[in-house]
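Input: a single structure, listed below in structure tokens.
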Amino acid sequence: MSSRTLPLLFINLGGEMLYILDQRLRAQNIPADKAKKAGWIEDDRRRVMNDIITTMFNKKFLEELFKPQELYSKKALRTVFDRLAHASIMRLNQASMDKLYDLMTMAFKYQVLLCPRPKDILLVSFNHMDAIKDFVKDTPSILSQVDETYRQLVEMYTTLSSGEFQLIRQTLLIFFQDMHIRVSIFLKDKVQNSNGRFVLPTNGPVPYGTQVPGLIRMFSCAGEEVTRRQFSNGGNYTAALREGSFEIFGDRVTKLGTNMYSVSRPVETHLSGTSKNSAQHTKVNVAPNPLAKEELNLLARLMGGLEVQKLGNADSGFRVNLFSTDEEEEEALISRPDDLLYGVINIQATKDQQANAELAKIMGEFTESGDQSPSSISKGDDLLAMMDGL
Amino acid sequence: MYHKEKSIQIKNSASALYNNLCALRIAPRRLTYFTVVHANVVNMVSASWDGLNYSHRQLQSKEPNVATSTSLIMQAAFCSLPSRDLLVVTSQKGIQVYESDGSIMVYWHALDIPETQTGKVASKLDFPCRFLSLGISTGAILVFDVPSKGSNITLSDVLEGHKESITDMASECCGGEVCIADLVSADDGGNLCVWKSGEEFKLLNHIPGFDISCSSVKLWKGTVVAGYGTGQIRLYEAVTGILHAEVNAHARWIYSLDIAPYSGLLLSAAEDSLVRVWHLTMTPESQSVEIAHLHNECVTDTQICGAKFCDADGYAFAVTGYDLSEIIRYTQS
């Protein structure tokens, strides 16, 4: 499959994550007596967003990401995002992090499926990039990192053929296979059915470069058109819209990848009644995967560059809850169905050679299972958290 | 014209790959085998014609000498030789050939393309008479010689006709009649190559594309039927490259084409959730082929990735879709 998929997966998921966090940070209840500290809260929100975006666009990290390679496993990617979400003073509990990741992945799955043509995935990515640029427009240092990433995207992707983009799309669809988590904002907008599957309309504009179905033309041996016939296409299609821009600045035309959340539209996920096939799916990868060793070595290298903010003082960090109440959050953690456990790997990888060697040794002892690893916080930079099942 | 029958449940959902459904009719045992690819697993179902018995088997793509290595499968297809049927599974690492029920591996061939090459195995294959041909992502086509018995399959030729990744290939076994062209290959740029098989394969014609990927191709009575990423279907005369017809068939990327050779029925399926049935007729007076639209079926909210006729008359067909764990069947009313 395509070895150029990872950057697009990361940037789009990261973009969705930022939309959701931005919405939650704005919606977080500020008690009346702290109103005079409102300026502080606003600054904190901006600080959190800036910290996460800086980490996301870290030069060394992106260099690794843009190298041609196979996609990470779901668990490995979830670990990267866990780390990213904790790159600021914001703290998320396990349940909130799970919900955040569910929302991010379902949103991007939706965008990939609904893209009229495979190349439009690049336009979706540019929509996310445009929004990220807007989040950091007042901070020149981060802005330049974002601009550099635009250039890398344009350089790597604008020359690819439609067939290569379709391959990227197919690789992404294999990654998202069998995920049917219901998201309330999608259910409300009627873009997702109650069984978790997305609505694929048979009406609306056709993709750029495609004609509305219905015409048959037949030609003579000399190349002249001799007959024209129409047939009923079973849908209600209209002509294509203009093409979106693939430049660093421009009108992307498509709305996929733009921010659909707002303070007044809280987002919930429903975990009950998800596809029973997802349980069968996890049984497929039973054999220990030797590639996991390489993947984790890469993760360790990546993580070495991602600094986790140390909380010296409990007050200086603040917790964000993706649910409406603390009780709901606790309840969600307990009642999460087995087949939807992410099995997050907790790594406190360091630049230490010995630590990396130990990591590699631990890899040899893994077998895959659906168990969730216990969340553990290292007591210092030198400790390597043990992974409990892979 | 067609009505929906009871679906066959499969163990995993279908992956979004071109032509992701294959069917083999075993008349003496009144069974049909179906194969559907899910990531690195081939799901095989053997369905009895009376609808009462289904048995399932799963094959994982593995190299025989590296027990734990798995890779994503590109295609699983049945190849029918006069004396035997084989199941060929192509993956990123190479190909494996099994007996048609998936029970025994008869042959494997690892691709020794170094890792640094960005192309992966876009393994598409089809079977002109005794040859098994495999198209890969560099554009080359490997031809294997298959004996009527035993596992002595050997690589006999490498055809260079394409510069881009091969997306699909089709063959026509003309039986007693003389065939001029018996293999056609398509690539990511929409280019088509028409070949004649033999001791040495001969390139008969090259039909240039328009930078639109040709995802599915079929060969019938000397006519090439090609489906493209823009949703168009085009009919070309294989040897001369003359365009006979152009159809704005689908609103999205076409994923699968199939032809029922006895009746000239054509099946097309795309990401737009629609399966369409067409009729191809040869008109000897004008020496051309005509296409007429017969029927539509909509598989709601599903991006279709495989559609196949279950028999050579086109009396029944089956469909698979991305994320769908069933094979949907339709029969003529």
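Note: hydrogens, waters and symmetry copies are ignored here, and every other heavy atom, side chains too, is used. Lettering follows sequence order; numbering is per chain, from 1.
A heavy-atom distance below 4.5 Å is not found between the side chains of A:Gln166 and B:Thr167.
Between B:Asn248 and A:Val212 the shortest heavy-atom distance is CB-O, 3.7 Å. In terms of heavy atoms, B:Ile291 sits closest to A:Met218 at N-SD, 3.5 Å. In terms of heavy-atom proximity, B:Ile212 sits nearest to A:Ser162 at CA-OG, 4.4 Å.
Chain B is approached within less than 4.5 Å, heavy atom to heavy atom, by A:Pro116, A:Pro118 from residues 116-124 of chain A, ordered by number. Listed by sequence position, A:Pro205, A:Val206, A:Pro207, A:Gly209, A:Thr210, A:Gln211 are the residues of residues 204-211 of chain A in contact with chain B, using a 4.5 angstrom heavy-atom cutoff.
With a threshold of 4.5 angstrom between heavy atoms, B:His250 approaches chain A through N, CA, C or O but not through any side-chain atom. Proximity to chain A is limited to the side chain of B:Ile242, based on heavy atoms less than 4.5 angstrom apart. Looking at A:Arg229, only its side chain comes within 4.5 Å of chain B, counting heavy atoms on both sides. With a 4.5 Å cut-off on non-hydrogen atoms, A:Tyr237 touches chain B through its side chain but not through its backbone. Residue contact with chain A, scored on non-hydrogen atoms closer than 4.5 Å, involves the backbone and the side chain of B:Ser15 alike. Neither the backbone nor the side chain of B:Phe210 comes within contact range of chain A; no heavy atoms are under 4.5 Å apart.
Per-residue heavy-atom pair counts under 4.5 Å with chain B were compared for A:Leu215, A:Thr227, A:Val226, A:Asn193, and the maximum is reached by A:Leu215.
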